[in-house]
Amino acid sequence: MSNPDSSTNRVKRYSTQKYIIAIIDIVYLLLLLFLFEGSGLSKLLVSWLAKPLTNKIFIIPLYIAIVYLTYYLLNFPLNFYQSFVLEHKFSLSNQKIRDWFKDQIKAGIIFYIIALILVSVFYRILKHYFRTWWLIISLFWIFFSLILTKLAPIVIIPLFFKYKRLSDEMLREKIMSLANKMKIKILDCFEIDFSKKTLKANAAFIGWGATKRVIL
């Protein structure tokens, strides 16, 4: 029989390390951004990209790609320890390193596409609406967030997990009944095979409009 105190201490140690790493990650990112901008590397990169490119539309995509790949490589040791080593150290993951790399590639592509859309729209709005750019961009980001919320259950999550309708019919009926009482319309209740990547229990209410669902 496991010792409750030992389990509690283990949870505390895990949480403490996660918080410390998260703080280090934020400070490290801010430091890299300060050095990148303050040293003039950002302007130098733009100038370097602008010289061979006849079509300036490719500057932003290449700029984001280079900056993101550079940051990923510089941050790789911390990222790898936080998302892979630490999870295995506390027996919270059984994901193989090959699958971890696959998820990293998928997440990187998704991040790049989202960043490209947001940055491109930001500069285009800033160029044509100098006085009201802040309001238009705010409205666009809210709209874009709603679109992502709607698409996440049917586009993004299936890239990382396979999920199906909840097999526990009794639990499903209870959740659906609770949703009806709360006057919340949901598509259905689903379950994902989370155990292939992590041993931590999880649940979520995701989606928007017709894509709203409960995932266990």
Side-chain angles (χ1 to χ4, degrees), residues 1-39 41 64-119 145 148-149 151-164 166-168 171 189-207 213-216:
M1 183 179 295
S2 61
N3 188 342
D5 292 333
S6 177
S7 299
T8 302
N9 291 333
R10 188 177 179 83
V11 171
K12 288 182 178 178
R13 284 190 288 112
Y14 172 77
S15 299
T16 301
Q17 291 190 38
K18 291 286 283 188
Y19 287 134
I20 291 174
I21 294 173
I23 293 172
I24 293 174
D25 192 25
I26 293 173
V27 174
Y28 183 55
L29 174 59
L30 292 175
L31 179 62
L32 288 177
L33 289 173
F34 177 77
L35 292 174
F36 182 63
E37 185 64 30
S39 64
L41 284 174
I64 294 175
I66 293 172
V67 171
Y68 176 68
L69 286 174
T70 302
Y71 170 71
Y72 182 83
L73 292 175
L74 291 173
N75 192 55
F76 181 81
L78 188 62
N79 178 36
F80 181 70
Y81 181 80
Q82 179 185 29
S83 60
F84 187 83
V85 176
L86 189 64
E87 298 298 313
H88 283 76
K89 179 181 177 181
F90 284 89
S91 303
L92 294 174
S93 175
N94 51 15
Q95 186 179 32
K96 297 179 180 179
I97 191 168
R98 180 183 60 186
D99 295 327
W100 181 83
F101 272 112
K102 287 181 180 179
D103 283 351
Q104 289 287 300
I105 293 172
K106 293 176 185 177
I109 293 173
I110 293 171
F111 174 84
Y112 175 76
I113 293 173
I114 293 174
L116 180 59
I117 293 172
L118 293 178
V119 174
S145 297
L148 279 182
T149 302
L151 293 179
I154 56 178
V155 177
I156 298 178
I157 291 181
L159 293 175
F160 298 91
F161 303 99
K162 292 181 179 180
Y163 64 91
K164 59 183 181 179
L166 186 61
S167 57
D168 189 334
L171 178 59
C189 300
F190 298 87
E191 57 181 311
I192 59 178
D193 190 4
F194 220 50
S195 60
K196 289 183 178 180
K197 300 182 181 183
T198 179
L199 301 177
K200 293 183 287 188
N202 209 336
F205 175 64
I206 61 174
R213 65 194 67 193
V214 173
I215 296 181
L216 303 176

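Since the structure is predicted, the reported quantities are computational estimates derived from the model, not experimental observations.
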Could you report the tightest heavy-atom contact between Leu29 and Tyr71, atom names first, then the distance?
CD1-CE1, 3.6 Å
Any side-chain heavy atom of Gln95 sitting closer than 4.5 Å to one from Glu87?
no
Rounded to the nearest 0.5 angstrom, the CD1-CG distance for Ile21 and Asn79 is 10.5 Å
If you compare all heavy atoms of Pro158 against all heavy atoms of Ala152, which two are closest, and at what distance to 0.1 Å?
CD-O, 4.0 Å
Centre-to-centre under 6.0 Å for Tyr68 and Tyr112, is that the case here?
no
Taking the side chain as everything from C-beta on, heavy atoms only, tell me whether Ile157 gets closer than 4.5 Å to Phe190.
no
Any side-chain heavy-atom pair from Val67 and Phe36 closer than 4.5 angstrom?
yes
Once rounded to the nearest 0.5 Å, what's the spacing between atom CG of Leu30 and atom CG of Asp25?
9.5 Å
Polar side-chain atom of His88 near backbone of Lys96 as donor-acceptor pair, under 3.5 Å
no
Does some side-chain heavy atom of Gln17 sit less than 4.5 Å from a side-chain heavy atom of Tyr81?
yes
Is any side-chain heavy atom of Leu35 closer than 4.5 Å to a side-chain heavy atom of Leu31?
yes
How long is the straight-line distance from CG of Leu41 back to CG of Leu32, given to the nearest 0.5 Å?
11.0 Å
Reported CD1-to-OG1 distance for the pair Ile156 and Thr149, which is rounded to 0.5 angstrom
9.0 Å
Dump the intermediate steps for side chain to side chain contact (heavy atoms under 4.5 Å, CB included) on Thr70 and Ile66, then the final yes or no.
CA-CA 6 Å; Thr70 302; Ile66 293 172; 4.1 Å; yes
To the nearest 0.5 angstrom, please state how far the CD1 atom of Ile114 sits from the CD1 atom of Ile64.
12.0 Å
Here the pair of heavy atoms bringing Ser83 nearest to Trp100 is OG-NE1, 3.0 Å
Determine the interplanar angle of the Phe80 and Phe101 rings, folded into 0 to 90°, and report it as parallel if under 30°, tilted if 30 to 60°, perpendicular if over 60°.
parallel
Could you give the distance from OH (Tyr28) to CG (Asn75), rounded to the nearest 0.5 Å?
6.5 Å
